[in-house]
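Atoms considered below: every heavy atom in the structure, side chains included; atoms not considered: hydrogens, waters and symmetry mates.
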Amino acid sequence: MMKILFIGLDSKPNKGGIAELTHCLMHELSLLNNDVVLFTNIGDNSFDYKQEYKVVRRNIDPRINAFIKKIILYNYFYREFNLLRPDIVVCNTYDRLTVYAFRVAKIMKIPFFVYVHGLDVSLKRKARHEKLKRHILSNSTGIFANSKKTETIVNKIGVKKEKIYRITPGVTIEGGETNCSTKYETPALLRNKRVLVSVGRLIERKGFDTVIKALPMVVKNFPNIIYVITSDGPDRFRLESLVKELGVTDNVLFTGYVSDHEKRMYLENAQLFIMPNRDLENGDMEGFGIVFLEANLYGLPVIGGNAGGVPDAIEDGKTGYLVDSSNIEEVAFCINKILSTPEKAKEMGAYGKARALESFRWETRAKQIVDIVKKDI
């Protein structure tokens with residue numbers, strides 16, 4: 001049995017990909033008879049008592065003088081590492097905590113790993129921060145990368161290939177089936193409509209503007225189409241203005257933030273999930289794209305950008321299509337192709353669901369980690 005200490009500001013009950021990944025990995029590692037502990041920030045601890053793993057909460061993100069903050073954080077890490085005596089330490093992302101954890105782990109000679117997700121290592125920073133990042137990642141015991149693209153970025157930073165392990169995220173499955181077994185009544189707004197759905201924060205890299213620009217070419221063939229954009233974000237005003245400019249107001253629905261219940265309802269009534277993501281010049285990218293696998297669980301074919309880590313999530317031509325997000329005609333063509341060939345779309349969705357259930361289980365990711373870290377303890 002190993003004692004594994006995870007460190008991260010982003011953890012359950014917070015929402016988001018890193019919090020979900022951390023929870024699912026720790027849950028599965030606990031089921032493999034490991035002693036698993038999460039060291040995280042203060043917050044709602046009602047979630048903690050229901051877990052197989054232990055949660056230690058401290059104020060590890062204090063809004064105080066930077067020098068005093070360094071002293072406090074080093075003291076926290078020294079104390080917790082001494083108390084817990086972990087066999088390995090894993091930071092759930094590369095962030096400001098990684099520096100403190102890395103240095104303390106090195107002094108105490110504890111194997112140290114970082115799970116990186118794309119944006120945390122690709123976003124361009126000041127030269128001194130880039131130098132520090134290169135030093136920490138290249139001198140860590142190992143790096144877990146969530147996709148081939150992230151693996152490539154870390155290697156270019158200076159981490160040796162033999163120290164990088166690609167471990168893609170899993171997809172949450174409940175009760176041995178999918179997390180979408182209950183069917184909800186179709187709302188009046190979506191009845192007799194061809195429904196496209198996007199799920200994700202409204203930001204430039206998601207490529208929702210490309211879908212809107214493609215809609216006039218789709219409406220010609222499917223006038224009853226409606227494009228549902230869930231969630232919200234800083235790009236909403238620009239997207240709404242684009243919808244008016246292109247005259248597709250009747251074909252686009254901005255829902256704002258939705259509950260899990262509402263999100264499931266939209267996905268259950270859709271014919272296609274779409275998010276033609278793009279890489280931005282500042283390094284902003286989609287690290288993997290778990291939303292595509294989640295959509296596959298609903299039996300939906302998917303369209304995503306051939307950028308970032310999304311090619312690891314979509315099997316082009318089988319679970320959906322990878323597109324160039326800057327090519328509006330290509331995006332429109334793929335939408336029309338899926339909507340005009342319902343049998344092929346159904347086949348893609350079924351294959352995607354089977355692939356997600358078979359190849360993206362969290363338990364296999366936990367076993368990968370165990371096999372990797374055993375070599376270093």
Novice: Could you tell me whether Asp279 and Lys149 make a salt bridge, using a distance below 4.0 angstrom between a side-chain N and a carboxylate O?
Specialist: yes
Novice: Are the charged groups of Lys12 and Glu20 less than 4.0 angstrom apart, N to O?
Specialist: yes
Novice: Between the side chains of Asp61 and Lys69, is the shortest nitrogen-to-carboxylate-oxygen separation below 4.0 Å, so that they form an ion pair?
Specialist: yes
Novice: Inspect the surroundings of CZ in Phe333 and state if more than 12 heavy atoms from other residues, nucleotides or ligands are less than 6.0 Å away.
Specialist: no
Novice: If only side-chain N and O atoms count, and only distance matters, is there a donor-acceptor pair under 3.5 Å linking His27 with Glu52?
Specialist: yes
Novice: Name the one of Tyr100, Phe6, Tyr53, Phe77 that satisfies ring pair (Phe, Tyr, Trp, His ring centres under 6.0 Å) with Phe39?
Specialist: Phe77
Novice: Determine, stepwise, if the pair Arg365 / Thr168 fulfils side-chain hydrogen bond (donor to acceptor under 3.5 Å, both in side chains).
Specialist: CA-CA 8 Å; Arg365 275 67 186 149; Thr168 61; 2.6 Å; yes
Novice: Would you call Glu28 and Lys367 a salt bridge, taking side-chain N to carboxylate O under 4.0 Å as the test?
Specialist: no
Novice: CD1 of Ile153 to NE2 of His117: how many Å apart, nearest 0.5 Å?
Specialist: 12.5 Å
Novice: So does Lys156 have more than 12 non-hydrogen atoms from other groups sitting under 6.0 Å from NZ?
Specialist: no
Novice: Do Glu262 and Thr255 pair up side chain to side chain, a donor and an acceptor below 3.5 Å, judged on atom types alone?
Specialist: no
Novice: Decide, yes or no, whether a salt bridge links Lys133 with Glu130 under the criterion of side-chain N to carboxylate O below 4.0 Å.
Specialist: yes
Novice: Between atom OH of Tyr227 and atom CG of Leu272, what is the distance when rounded to the nearest 0.5 Å?
Specialist: 9.5 Å
Novice: I'd like to know if the side chain of Ser147 pairs up with that of Asp312 as donor and acceptor (distance under 3.5 Å, no hydrogens or angles considered).
Specialist: no
Novice: Tell me whether Asp260 is salt-bridged to Lys15, with the criterion being a basic N under 4.0 Å from an acidic carboxylate O.
Specialist: yes
Novice: Is it the case that over 12 heavy atoms from other parts of the model lie below 6.0 angstrom from the NZ atom of Lys131?
Specialist: no
Novice: Step by step, work out the salt bridge (Lys or Arg N to Asp or Glu O under 4.0 Å) result for Glu151 and Lys161.
Specialist: CA-CA 8 Å; Glu151 182 181 355; Lys161 286 186 177 181; over 6 Å; no
Novice: Could you walk me through whether Asp209 and Arg278 pass the salt bridge (Lys or Arg N to Asp or Glu O under 4.0 Å) check?
Specialist: CA-CA 11 Å; Asp209 55 341; Arg278 56 171 75 98; 2.9 Å; yes
Novice: Apart from Ile328 itself, what residues make up its hydrophobic cluster, given side-chain heavy atom links below 4.5 Å?
Specialist: Met217
